Every structure is written in structure tokens, then in C-alpha cells.
Visitor: 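The structure follows.
Counting starts at 1 for both ligands and their atoms, in listed order. The model shown is predicted, which means the values in this text are computed figures rather than measured ones.
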Amino acid sequence: MHDASDEPLPTLPPRRPESHKGDFGRAMIVGGSRGMAGAVAMAGMACLRSGAGLATLGVPRCIGPVVAGFCPAYMVRELVDDDPGVLYWANLFDLAPLEHDFDVWALGPGLGEPEQTAELSGRMNREWNAPLVIDADGLNGVASYEERYASEPLIPPGPRVYTPHPGEFGRLVGHDALAEKAVGADADRVEAAGEFASRDPGGNTVIVLKGHRTVISDGRQYAINTTGNPGMATGGSGDVLTGVITALIAQGLTTFDAARLGAHVHGLAGDLACDRLGAVSMTAVDLIDSLPQAFVQLSAAG
Ligand SMILES: NC(=O)C1=CN([C@@H]2O[C@H](COP(=O)(O)OP(=O)(O)OC[C@H]3O[C@@H](n4cnc5c(N)ncnc54)[C@H](O)[C@@H]3O)[C@@H](O)[C@H]2O)[C@@H](O)CC1
Ligand SMILES: Nc1ncnc2c1ncn2[C@@H]1O[C@H](COP(=O)(O)OP(=O)(O)O)[C@@H](O)[C@H]1O
Ligand SMILES: [Mg+2]
């Protein structure tokens, strides 16, 4: 597999003076559940701080006002909820006609109850052509759907970015030897991510295997991210990454480039937050607050 780690980072296209928000993409982030409104809100805020033209959050009705109250800059679409405050799986049929109204979708932050949402996550993954970033309980739902219902091999029909931490990666691959490699040395983690990505014969799948030295791979090439610090080991850091990568896809980067630049800028924001506040006290919200400075530093360097 080709090592792209030392290649120049992908860059965002310059903004022409006459640009309008439609030039920077429409993103839809589906997630949240009662008690985890913050996860989807943080993904939405990070998505806008990373340059998406428009962000809409699709959330269970019971948390709609809470999510809307966190930030006035994104839109909220309330979806049908199911007991105990999670998305009803059959929202699938209401969301399908909207598939191409957005340039990119994300699924998973705070979604909760993978058993209840498995059909939503599993079928979006298997049936949708639109670019889709899948994180957190979206990944757990995909794992559960594949285990319970799928009889054919998984061949996603459109671009996919899966962003598992090693625990989620283990559920996705079925807790085999590959899962153990996900917590090993760099070379093992590269092998684990690369092998899982290359199981997709269509070449549509990018894996972002998170943690210290996140590995990004599409099965043909990989990169190891070196930004970031242990201050980022705080709830919600991964939800922020989902929003960042989603925004970069919305602005036209390929999924591999978006994942690579996204991991870099996310870690850089983490380093800036850590300089400001220290590893003990920084939170995922501080990561979002440091994204502007991270993007400014990047564009000054590029
Ligand atoms: N404010 C919020 O609403 C928050 C909601 N969250 C949501 O909570 C749900 C559950 O996510 P969790 O990730 O907490 O649950 P999981 O049970 O999937 O993951 C937690 C476990 O994964 C393993 N793990 C994680 N990173 C690892 C690493 N680098 N190396 C080795 N093992 C590692 C550890 O065993 C850890 O205890 C998700 O939907 C997520 O989006 C969290 O993101 C936290 C913040
Ligand atoms: N020690 C670390 N060094 C660098 N990055 C880290 C470290 N710990 C966590 N991170 C980053 O923080 C994020 C954590 O994501 P995740 O485990 O999904 O958290 P959550 O689900 O709480 O949002 C990942 O992007 C990961 O790479
Ligand atoms: Mg997570």
C-alpha cells in the first residue's frame, strides 16, 4: 500500500470574491437521541466552522428544540422518534427522497441504541449513492445490520468514510484478529485499516481508524496523522471530527483527501486548544472553538 503521509496536504480551493454558500456544499448530519443531543450539535457546529455552505441536522423530534438552541447557524429537521427518544428506523423512507438534495450526508453522532437504528444505518450504507460519513452509533448500527440481516457481501454504491475508534472498528470487523491489530503498532493499524477498506471491491470505502496517530486508508494508499494530543481524549472529540470531514467533502475534496486533511486540522485544533487550556481542562467544544485558528494557520502555511 502506498504511504501518502509525507505528501503535501490537500488544500481547499480558494474562495472567489463572488462565491455564494451554494459553492461550499450542503451537508446533512443525521444523529442525536435523548441524552445525546450534544453529539450531533457538535458535529453540526464543527461542520460550519470547517466551511460547509449549509448544514442541516436531522434529529429525533424530542430533541429538536434542544439541538436548535445550541447554535443558530445550522438548520434542524425534526424526524419521527421512537421510544426511548431515538430515531425511528422507518425515517429511511422519508429521507430517501432527499438523498440528492445534499452533497454529503453524515450519520451516527449520538444516534444511540444501535439495535433500534440498525436498519436505518445498514440500509443507508447499502443503498445510497450519496457520499456518506458514518461514525459512532451509525457504525454500530451498520455492524449490527450486517450481522443480523445481510446475506450478500457489502458493496456500498457510493463514497463512504467510516470513522471508527478501535472499539467500533472491532464491532465492524467482527472482533477477529484484525480488531486486535487496530490497537497495535502503526504498521498493524495500517494493515487493519487497509485490509478492511480493501474488502470493498468498488474501492468506495475510506477508513479513519482513530486514536493516537489516526490511520486513514482507502485500501490502496494510507496516511498516518501526527497532529493531536491526549487532551483530545474527551467525550465528543470524535463527533467534531465527523463534522470536519463532512464539511471538507461538501467543499469538493475526495473522501480520502477530506479524511486526511480533516484528521490533520482536527488534531491541529486540538493542539491549539491544549496550548490555550491544557490537556486536563480542554473539552470538545474548545476543539470547535480552535478550528478557525487551525484553518487560518493552514492557509497561511499553504
Ligand atoms: N455529548 C454527547 O452527546 C456525546 C455523545 N457521544 C456518543 O456516545 C455514543 C457512544 O460512543 P462511545 O465512543 O462513548 O462508546 P463506545 O462504547 O463505542 O466506546 C467506548 C470504548 O471504546 C474503546 N475505545 C475508544 N477509543 C479507543 C482507543 N483509542 N483505543 C482503544 N480503545 C478505544 C474503549 O474501550 C472505550 O471505553 C456515540 O453515539 C457518540 O456519538 C460521545 O461522543 C460522547 C459525547
Ligand atoms: N491521545 C490522543 N492523541 C491524538 N488524538 C486523540 C487522542 N485521543 C483521542 N484523540 C482523537 O479524538 C477523537 C476521539 O474520537 P471518539 O473516540 O469517537 O470520541 P467521542 O465518541 O467521544 O466523540 C479521535 O479523532 C481521536 O483520534
Ligand atoms: Mg465517537
Side-chain angles (χ1 to χ4, degrees), residues 29-46 57 59-60 63 66-67 70 85-87 106-118 120-121 133-144 161-172 175 179-186 188-189 192-193 207-216 223-245 259-274 279-280 282-288 290-291:
I29 303 175
V30 177
S33 55
R34 186 176 290 140
M36 292 200 290
V40 68
M42 288 191 285
M45 289 187 258
L57 275 49
V59 305
I63 62 164
V66 172
V67 173
F70 281 130
V86 298
L87 279 182
L107 174 68
L111 196 58
E113 295 299 324
E115 296 310 308
Q116 266 172 283
T117 52
L120 176 71
S121 303
V133 179
I134 310 186
D135 182 34
D137 291 321
L139 293 169
N140 297 330
V142 164
S144 166
V161 180
Y162 299 147
T163 61
H165 60 54
E168 290 153 347
F169 186 81
R171 288 171 212 133
L172 211 51
H175 298 279
E180 277 171 39
K181 291 199 166 170
V183 287
D186 277 358
D188 290 327
R189 282 165 53 79
I207 304 287
V208 178
L209 179 55
K210 296 186 297 196
H212 174 58
R213 296 175 68 81
T214 291
V215 174
I216 302 104
I224 297 178
N225 183 60
T226 55
T227 56
N229 63 81
M232 296 167 74
T234 177
S237 292
D239 305 319
V240 172
L241 179 68
T242 297
V244 175
I245 294 175
R260 192 172 157 227
L261 180 61
H264 177 89
V265 77
H266 176 253
L268 181 54
D271 291 340
L272 292 164
C274 191
V280 172
M282 63 180 276
T283 69
V285 175
D286 302 315
L287 261 185
I288 301 171
S290 289
L291 281 169

Visitor: Please indicate whether any nitrogen or oxygen in Arg213 is less than 3.5 Å from any nitrogen or oxygen in ligand 2.
Guide: no
Visitor: Using a distance-only test with no angle check, is there a side-chain donor-acceptor pair under 3.5 angstrom linking Ser237 and Asp239?
Guide: no
Visitor: Any protein heavy atom lying closer than 4.0 Å to atom 8 (O) of ligand 1?
Guide: yes
Visitor: For atom 13 (O) of ligand 1, which protein heavy atom lies nearest, and how many Å away is it?
Guide: His165 NE2, 2.9 Å
Visitor: Starting from atom 11 (O) of ligand 1, find the nearest protein heavy-atom neighbour and note its residue, name and distance.
Guide: Glu168 OE2, 4.5 Å
Visitor: At a non-hydrogen distance cut-off of under 4.0 Å, which region of Met232 contacts ligand 2 (side chain, backbone, both, or neither)?
Guide: both
Visitor: Provide, to 0.1 Å, the distance between atom 1 (N) of ligand 2 and the closest protein heavy atom, together with that atom's residue and name.
Guide: Pro230 CA, 3.4 Å
Visitor: Does Val86 form a side-chain contact (heavy atoms from CB on, under 4.5 Å) with Arg34? I'd like the steps, not just the answer.
Guide: CA-CA 7 Å; Val86 298; Arg34 186 176 290 140; over 6 Å; no
Visitor: Note the single closest protein heavy atom to atom 17 (O) of ligand 2, along with its residue, its atom name and the distance in Å.
Guide: His165 CD2, 3.3 Å
Visitor: Between Asp188 and Lys181 (side chain of the first, backbone of the second, donor and acceptor by atom type, cut-off under 3.5 Å), is there such a pair?
Guide: no
Visitor: Checking the N or O distance criterion of under 3.5 Å, is ligand 1 in contact with Gly110?
Guide: yes
Visitor: Specify the protein heavy atom at minimum distance from atom 43 (O) of ligand 1: its residue, its atom name, and the distance to 0.1 Å.
Guide: Asp239 OD2, 2.7 Å
Visitor: Keeping Asp271 on the side-chain end and Gly228 on the backbone end, is there a donor-acceptor pair under 3.5 Å?
Guide: yes
Visitor: What protein heavy atom lies closest to atom 44 (C) of ligand 1? Include the residue and the distance to one decimal.
Guide: Gly236 N, 3.6 Å
Visitor: Determine whether any protein heavy atom is located less than 4.0 Å from atom 36 (C) of ligand 1.
Guide: no
Visitor: Could you list which atoms of ligand 1 come closer than 4.0 Å to a heavy atom of Gly235?
Guide: 44 (C), 45 (C)
Visitor: Quick one: does Lys210 get an N or O within less than 3.5 Å of an N or O on ligand 2?
Guide: yes
Visitor: Who gets closest to atom 22 (O) of ligand 2 by heavy atom: Ala279, Gly236, Gly108, Gly238?
Guide: Gly236
Visitor: Can you list the steps and then say if Thr234 with Asp286 is a side-chain contact (heavy atoms from CB on, under 4.5 Å)?
Guide: CA-CA 11 Å; Thr234 177; Asp286 302 315; over 6 Å; no
Visitor: Go through ligand 2 atom by atom and flag the ones less than 4.0 Å from a non-hydrogen atom of His266.
Guide: 25 (O)
Visitor: Measure from the side-chain N and O atoms of Arg260 to the backbone N and O of Ile216, and report whether any donor-acceptor pair falls under 3.5 Å.
Guide: no
Visitor: Numbering the atoms of ligand 1 from 1, which are under 4.0 Å from a heavy atom of Pro109?
Guide: 41 (O)
Visitor: Among all the protein's non-hydrogen atoms, which is closest to atom 38 (C) of ligand 1, and how far away is it?
Guide: Asp137 OD2, 3.4 Å
Visitor: Check whether any heavy atom of Arg171 sits under 4.0 Å from an atom of ligand 1.
Guide: yes
Visitor: Is the shortest distance from a heavy atom of Gly238 to ligand 1 less than 4.0 Å?
Guide: no
Visitor: Are Ile288 and Met42 close enough, and set up right, to give a side-chain contact (heavy atoms from CB on, under 4.5 Å), and what steps lead you there?
Guide: CA-CA 8 Å; Ile288 301 171; Met42 288 191 285; 3.9 Å; yes
Visitor: Taking it one step at a time, do Lys210 and Asp135 satisfy salt bridge (Lys or Arg N to Asp or Glu O under 4.0 Å)?
Guide: CA-CA 11 Å; Lys210 296 186 297 196; Asp135 182 34; 3.2 Å; yes
Visitor: Would you say the side chain of Ser121 lies within less than 4.5 Å of the side chain of Leu107, judging by non-hydrogen atoms?
Guide: yes
Visitor: Any protein heavy atom sitting closer than 4.0 Å to atom 26 (N) of ligand 1?
Guide: yes
Visitor: Would you say Thr214 and ligand 2 have an N/O pair spaced under 3.5 Å apart?
Guide: yes
Visitor: Which one holds for Asp239 and ligand 2: side chain close, backbone close, both close, or neither close, with close meaning a heavy atom under 4.0 Å?
Guide: both
Visitor: If you compare all heavy atoms of Gly110 against all heavy atoms of Ser33, which two are closest, and at what distance to 0.1 Å?
Guide: O-OG, 2.7 Å
Visitor: Tell me whether ligand 1 is touched by Gly108 - counting only heavy atoms on the residue side and a distance under 4.0 Å.
Guide: yes
Visitor: Going by the closest heavy atom to atom 2 (C) of ligand 2, which one wins out of Asn229, Asn225, Leu139?
Guide: Asn229
Visitor: Is the closest side-chain heavy-atom distance between Pro60 and Ile63 below 4.5 Å?
Guide: yes
Visitor: Any N or O of Ser237 that comes nearer than 3.5 Å to an N or O of ligand 2?
Guide: yes
Visitor: Checking Arg171 side chain against Asn140 main chain: does a donor-acceptor pair fall under 3.5 Å?
Guide: no
Visitor: Indicate, as side chain, backbone, both or neither, the part of Glu168 found under 4.0 angstrom from ligand 2 when only non-hydrogen atoms are considered.
Guide: neither
Visitor: Report the C-alpha distance between Thr214 and Ile224 in whole Å, list the side-chain angles of each, state the deciding distance to 0.1 Å, and finish with yes or no for side-chain contact (heavy atoms from CB on, under 4.5 Å).
Guide: CA-CA 6 Å; Thr214 291; Ile224 297 178; over 6 Å; no
Visitor: Within the 4.5 Å heavy-atom criterion, are Met282 and Asn229 side-chain neighbours or not?
Guide: yes
Visitor: Checking the side chain of Gln116 only, and the main-chain atoms of Glu113 only, is there a donor and an acceptor separated by less than 3.5 Å?
Guide: no
Visitor: Only one of Ile245, Thr242, Val240 passes side-chain contact (heavy atoms from CB on, under 4.5 Å) with His266; say which it is.
Guide: Val240
Visitor: Within a distance under 4.0 Å of any heavy atom of Gly228, pick out the atoms of ligand 2 and give their elements.
Guide: 4 (C)
Visitor: To check your reading of the model: name the closest protein heavy atom to atom 2 (C) of ligand 1, its residue, and the distance in Å.
Guide: Ala39 N, 3.6 Å
Visitor: Strictly less than 4.0 Å: does any protein heavy-atom distance to atom 17 (O) of ligand 1 fall in that range?
Guide: yes
Visitor: Starting from atom 28 (C) of ligand 1, what is the nearest protein heavy atom, named by residue and atom, and what distance separates them?
Guide: Pro166 CD, 3.4 Å
Visitor: Examine ligand 2 and decide if any of its atoms is less than 4.0 Å from a heavy atom belonging to Gly211.
Guide: yes
Visitor: Please tell me if the side chains of Pro109 and Met36 come closer than 4.5 Å, counting only heavy atoms from C-beta onward.
Guide: no
